[in-house]
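Note sheet for the following structure.
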Amino acid sequence: MPELRVAVIASHNGSNLRALHRASRDADARFRIVLVISNNSDSGALRYARDNRILARHLSGRTHDDPDEAIRAALVEHSTDLVVTAGYLKKIGPRTEAEFAARIINVHPALLPRHGGPGMYGRYVHRAVLDAADPVSGATVHLVSGVYDTGEVLAQAEVPVRPGDTADTLGARVLEAEHTLLPEVVRRIAHDRSPFLSVRARSADAGGDSAGCVGCAPEQERGVAVESSPCR
């Protein structure tokens, strides 16, 4: 089976890109990152891509009158099978969304449907979790739809909220969960060639305790439990 061709779209540092690229080097990964796109010409994501000989493109309103069409065309040009938005602070445009319907996934730093929507990113999400006194937060991988953070949930990993947590301390642990969850979802898609998987992950807390998981089977390889039944 040919490798799944993955494109990553990011705005800033690209830590999830790095985690995904590391995972792509595993012998059984079955996916390869073929393109990195950023709306920020000086982003860490683009620097990482260039340093690792991955095709890197800066595409934005500064480079094109219609950045949506530019992104769509670049993804098509490089025969992209799956698009991953990771820390991308722009909305995917309608042409790109239509071209890659059900083939765009996003990682969000909370347990959707809680704490999603416009303005819910980075520290704003973690601050909202703490303000709501939620006992648990986590990461979600979901399909991208025309409305922020409302696409079908494919996977979630829970991270407990600790007494005395700040947005920064909670955010650091959630980010660790993202770095495990996202590569595992992409790996499963590459193996099964379907984005409609029920994948549930149990992430390790920084103190060594296992965080709870949503609807998961017993833990398996890579510290992630996977169910491959259709997600409905």
Side-chain angles (χ1 to χ4, degrees), residues 1-12 14 16-17 20-21 24 30-41 43 45-46 49 54-110 112-113 115-121 139-156 178 181-183 185-199 230-232:
M1 181 184 295
E3 289 182 313
L4 188 78
R5 295 174 63 84
V6 178
V8 177
I9 309 180
S11 289
H12 293 299
N16 274 299
L17 163 65
L20 196 58
H21 183 234
S24 75
R30 297 190 189 175
F31 70 89
R32 178 163 59 96
I33 299 175
V34 298
L35 176 64
V36 174
I37 294 173
S38 181
N39 59 306
N40 179 357
S41 63
S43 69
L46 290 183
I54 303 169
L55 185 63
R57 300 283 299 274
H58 168 220
L59 301 176
S60 70
R62 292 186 177 183
T63 63
H64 292 80
D65 291 335
D66 187 349
D68 177 24
E69 175 56 26
I71 291 171
R72 186 206 66 82
L75 294 171
V76 170
E77 177 186 355
H78 296 286
S79 303
T80 302
D81 297 314
L82 180 72
V83 181
V84 176
T85 60
Y88 183 53
L89 301 184
K90 299 285 187 179
K91 191 174 182 180
I92 292 293
R95 292 186 185 87
T96 302
E97 184 186 345
E99 183 77 39
F100 291 89
R103 291 191 290 149
I104 309 174
I105 64 174
N106 179 60
V107 59
H108 182 78
L112 293 175
H115 311 299
M120 284 289 101
Y121 62 89
T140 299
V141 175
H142 64 96
L143 292 176
V144 170
S145 67
V147 180
Y148 279 118
D149 301 327
T150 60
E152 184 171 0
V153 170
L154 300 181
Q156 292 185 314
E178 293 178 43
L181 184 65
L182 178 62
V185 171
V186 174
R187 189 183 75 87
R188 292 297 297 180
I189 292 172
H191 280 238
D192 297 336
R193 292 305 171 103
S194 172
F196 296 100
L197 301 176
S198 175
V199 183
C231 185
R232 291 289 182 266

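The analysis underlying the following values was restricted to heavy atoms, covering all of them including side chains, and did not include hydrogens, waters or symmetry mates. Note that the structure is a prediction, hence the values are computed from the model and not measured. Start at 1 with the first residue, then count along the sequence.
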Minimal non-hydrogen separation, L181 against A155, with atom names: CD1-CB, 3.7 Å
Reported CG-to-CD1 distance for the pair L35 and I9, which is rounded to 0.5 angstrom: 8.0 Å
Modelled atom types, side-chain donor and acceptor of N39 and S60, under 3.5 Å: no
From L82 atom CG to I105 atom CD1, the distance as rounded to the nearest 0.5 Å: 5.0 Å
Main-chain N/O of H142 paired with N106 side-chain donor or acceptor, under 3.5 Å: no
Side chain to side chain contact (heavy atoms under 4.5 Å, CB included) between L75 and I37, worked out: CA-CA 9 Å; L75 294 171; I37 294 173; 4.0 Å; yes
Check: H115 main-chain N/O paired with H108 side-chain donor or acceptor under 3.5 Å: yes
Check: R5 and D81 side chains under 4.5 Å, non-hydrogen atoms: yes
Side chain S43, main chain S38, donor-acceptor under 3.5 Å: no
Flag, side chain of K91 to backbone of V147, donor-acceptor distance under 3.5 Å: no
Residues T96, D68; criterion side chain to side chain donor-acceptor pair (under 3.5 Å); working and verdict: CA-CA 6 Å; T96 302; D68 177 24; 2.7 Å; yes
Value rounded to 0.5 Å, distance of CD1 in I54 from NE2 in H21: 4.0 Å
Over all atoms of both residues, closest heavy-atom pair of A10 and A86: CB-O, 3.3 Å
Minimum heavy-atom distance between V6 and V84, given as atom pair plus value: CG1-CG2, 3.8 Å
Expected output: side-chain E69 to main-chain R95 donor-acceptor under 3.5 Å: no
Residues, nucleotides or ligands: over 12 heavy atoms within 6.0 Å of R72 CZ: yes
Non-hydrogen atoms of D149 and G117 that approach each other most closely: OD2-N, 2.8 Å
Short side-chain to backbone donor-acceptor contact, T140 and A110, under 3.5 Å: yes
Spacing of T80 atom OG1 and E99 atom CD [to the nearest 0.5 Å]: 10.0 Å
Spacing of CZ belonging to R103 relative to CD belonging to E97, to within rounding of 0.5 Å: 12.5 Å
Exercise: identify the closest heavy-atom pair between S24 and F31: CB-CE1, 3.4 Å
Residue pair R30, L4: steps toward the side chain to side chain contact (heavy atoms under 4.5 Å, CB included) verdict: CA-CA 6 Å; R30 297 190 189 175; L4 188 78; over 6 Å; no
I71 CD1 to K90 NZ distance, which is reported to the nearest 0.5 Å: 10.0 Å
Check against side chain to side chain contact (heavy atoms under 4.5 Å, CB included), F100 and V76: CA-CA 9 Å; F100 291 89; V76 170; 4.0 Å; yes
E3 side chain reached by V34 side chain, heavy atoms, under 4.5 Å: no
Nearest heavy-atom neighbours spanning L59 and A74: CD1-CB, 4.0 Å
